[in-house]
Amino acid sequence: MHSTLKAQSYQGYIRQKKLVILIIMALTIIMALIAISSGSSGLPLNEVMLTLLGKGTENAARIVWNIRMPRIVTAVTAGAGLAVVGCVMQGILRNPLASSSTLGVSQGAAFGASIAIIYFGAGVQGQIFDGVTIINPYMISICAFLSSMSAAAVILALSRFKKISPEAMILCGVALSFLFSGGTTLMQYFADDVKVAAVVFWTFGDLGRTSWREASIIAAVVSISLAYFSYNSWNYNVLQGGQHTAKGLGVNVDGLRVVGMIICSLSASIIVSFVGIINFIGLIAPHLVRRLVGSDYRYLLPASAGMGAFLLLLSDTAARLAAAPVILPIGAITSFFGAPMFLYLLFRGLPR
Amino acid sequence: MIQADSLRFYYHPDRPILDEISFRTQEGCVAAVLGNNGAGKSTLLSCLNRIIHPQNGAVYVDNRDIMGMKGREVAKHIAYVAQQSETSRFTVFDAILMGRKPYIKFSPVQEDYDIVQNIIRQMGLKGMALRYIDELSGGELQKVMLARALAQQPKVLLLDEPTSNLDLKNQHEMLRIIRNIALTEKISVIIVIHDLNLALRYCDKFLLLKDSSIFAHGGREVMTPRNIKEVFGIPVAIQKVNEVSIVVPYPQ
């Protein structure tokens, strides 16, 4: 009798977590609708709803489907992706500091983008700069991707061949971040003003660069990695008890780490190479939801994804509205609001 | 039943951590691994369930070689509780449920929940099933870790210093639980333990490690003052107080 009572309350506890996830998802959807309706040509919410249901005016449909939606989808998928990557990295490296921006992936992307802009004369997608000729709109993304993957490759090679510890992997990422930042600065020092401006502009991050095509690439990558991570959520759970415990429970810890890091780096690299540097989402979203749903990756992963999507949407909408018609750089917004929020979490005590 | 057959492990070939380790223990038996710091006790435990791979030798559980098994299969036969448990934000229930990891395909089934439920009842953890393990005391946490190991339904249980962080009452309670489990679940238990008095009181077999090898191995009869002096490098007397054997050291 008593035992079934307990079972019910455990189920109740699980239901609470599911409820938290549902609330986060609902908030994200509401935020998305607000984001669609706000902008230079104002669209009231009811018109947005009608348009989404295919009953709006042609003009509204054009704005919603061609301009606003790619941006919203990018924000949702990129935010979810960065958050999930941070969440998994924190788990497999057993370090609350791990995220794509603390492991050199973002700085690597910036370095690659600088090479593309300064030496290959690539422009920024969707943006035309005076004096910067666009050779290939994908050039920056490809260079950024290759460069950020090289950061991941060095870290992985070290962990594979030198068997370095998770702590050393983080330190290695920090060192690589400095290396890439130094390289970027040197390149900028010798480049002409317009190109430097283009590099700086790229590194600010911009969700408006993406069209449906890029948004769907990000969506596909994030979905695949989220599926892989969810499949492994029990492995990540067990790893939270320490690597000896995990090995004792039959988990191939080294393999789990390496494959996890490869998938994390791949998705983070693809995201930043399309939208530029967006810091803090990968760090703060998982830590925020850890307080709400605990360390259980079965619930932590979807909750982090939802929270990441919500936060990036919120930041992007704030960036668009705060000084309209000027759109503030999204990377700066996430850092500017993310850092104090993170400090607040630290003061409240960070659950591990 | 677990049997180790000439295990050898080293980080550097000239300096083996374990050399020619062979022994066997029966089900229902609690065996103590004893020796000085650095004698290779924890390493031995980790080699037995392949957390680290010995360079030589074999380990058999019920006559099946575990070196050829998949990690998941090993975990169904042998459970292991580390000396230090890292905690995070999991409830006691979830932490014990993790013991079902080797059996879980994608998500736990009713049987897994039932097994966890039973163990919680058996170990008297009912009142704290929904507490977070990062808020438990050392004694409570150690019990939860033991419960998790039992959820693996193992034939062999390896415990690395299960009493090292516990107070007097909890030390005895823990070892009493371990003894009972060994008998009722027909598990062979191997514990690394520093406290010779606790070992004498709760264990039936003793494995004395010295300089990477087995110095002596057997029942109560190997725990002589002479053997203990040889292994630990300190003269001792063994005396009985109210029918309880205690080791009295005489440091020089």
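In what follows, chains carry the letters A, B, and so on, assigned in the order in which the sequence lines appear, proteins first and then strands, with residues in each chain numbered from 1.
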- prompt: Under 6.0 Å between ring centres, would you say that holds for A/Tyr297 and A/Tyr299?
  reply: no
message: So for A/Asn235, is it side chain, backbone, both, or neither that comes closer than 4.5 Å to the heavy atoms of chain B?
response: both
task: Would you indicate whether B/Glu111, at its atom CD, is surrounded by more than 12 heavy atoms from other residues, nucleotides or ligands within a distance under 6.0 Å?
output: no
message: Please classify the contact of A/Val251 with chain B as side chain, backbone, both or neither, using a heavy-atom distance under 4.5 Å.
response: side chain
message: Heavy-atom pairs under 4.5 Å with chain A - which of B/Ala79, B/Ser46, B/Gly71 has more of them than the others?
response: B/Gly71
- request: Could you have a look at A/Gly241, A/Ala246, A/Gly294 and say which one has the most heavy-atom pairs with chain B under 4.5 angstrom?
  value: A/Gly241
- request: Without swapping roles, check the side chain of B/Arg50 against the backbone of B/Met67 for a donor-acceptor pair under 3.5 Å.
  value: yes
field: Toward chain B, the part of A/Asn252 with a non-hydrogen atom under 4.5 Å
entry: neither
task: Would you please classify the geometry between the A/Tyr10 ring and the B/Tyr113 ring as parallel, tilted or perpendicular, with 30° and 60° separating the classes?
output: tilted
message: Side chains of B/Gln153 and B/Arg100, heavy atoms from C-beta outward: is any pair under 4.5 Å?
response: yes
task: Under 4.5 Å heavy-atom distance to chain A, tell me which part of B/Ile51 shows up: side chain, backbone, both or neither.
output: both
query: Quick one: does NZ or CZ of B/Arg89 land under 6.0 Å from the six-membered ring centre of B/Tyr132, within 45 degrees of the ring axis?
result: yes
query: Which region of B/Ile52, side chain (C-beta onward) or backbone (N, CA, C, O), has a non-hydrogen atom less than 4.5 Å from a non-hydrogen atom of chain A, or is it both or neither?
result: neither
